[in-house]
Amino acid sequence: MKEIITEPVRIPMRKRGWSVEHHAANIHVVKIQRPRCSLDFEHWILLMADNHVDSTASRLDIERKLLDEAIRRDASICFVGDTLDLMSHKNDPRHTKGGLRRELLSDGYFDKIIDMAAKHYAPYASHVVMWGVGNHESNYLKRMEV
């Protein structure tokens with residue numbers, strides 16, 4: 001059963017001037033503070049989807065360049081969904097070990113993916129506003145009963 005939030009959960013305003021209010025499982029409000037007298041105000045937002053970071057088809061080099069640019073611009077980062085591929089486990093009918101990064105080809109498949117993704121995204125964590133769940137992540141949750 002999904003958690004029902006009756007009162008908004010507020011994450012305090014950060015030095016960057018934005019905050020997030022979580023109203024329910026899939027309802028989040030990002031508030032960006034604009035200086036009152038600034039006519040040239042801008043706030044950059046990087047939207048990312050279908051990264052599939054554990055797939056051999058993902059371009060981590062390009063992704064790092066985009067994320068590094070987001071940090072330089074002091075942008076908010078939103079991962080919309082399918083950040084992880086998670087399709088190479090035996091319970092997924094779409095699975096193939098050929099599409100999996102070499103460093104993940106061993107026991108502890110899910111642990112290795114989570115460790116790899118955590119290490120990859122850790123430098124950008126302070127700029128992440130939201131992390132959505134796509135069909136690859138939700139399929140994993142359903143099939144693996146996690």
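The shown structure was predicted, so the numbers you read here are calculated from the model rather than taken from an experiment.
Taking 4.5 Å as the limit, every side-chain heavy atom of Val80 sits out of range of all side-chain heavy atoms of Met48.
For the residue pair Asp74 and His43, no side-chain donor N or O sits within less than 3.5 Å of a side-chain acceptor on the partner.
Of the inter-residue distances, the one linking Tyr121 atom OH with Ile77 atom CD1 reads 10.0 Å to the nearest 0.5 angstrom. Between Ile45 atom CD1 and Ile32 atom CD1 the span is 4.5 Å, to the nearest 0.5 Å. Between the CG atom in Leu47 and the CE atom in Met130 there is a gap of 8.0 Å [rounded to 0.5 Å]. From Arg64, atom CZ reaches atom CZ of Arg59 across 11.5 Å, with rounding to the nearest 0.5 Å.
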Under 3.5 Å, sequence neighbours excluded: what are the donor-acceptor pairs made by side chains of residues 65-73?
residue	atom	partner	partner atom	Å
Asp68	OD1	Tyr124	OH	2.8
Glu69	OE1	Arg72	NE	3.2
Glu69	OE1	Arg72	NH2	2.9
Glu69	OE2	Arg73	NE	2.7
Glu69	OE2	Arg73	NH2	3.3

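In this structure, Met116 and Val53 approach most closely via the heavy-atom pair CE-O, 3.2 Å.
Trp44 and Val30 fall into different hydrophobic clusters, where Ile, Leu, Val, Met, Phe, Trp and Tyr are joined by side-chain heavy atoms under 4.5 Å apart, directly or via other members. Side-chain heavy atoms closer than 4.5 Å link hydrophobic residues (I, L, V, M, F, W, Y) into clusters, and following such links, possibly through other members, connects Phe79 to Ile114.
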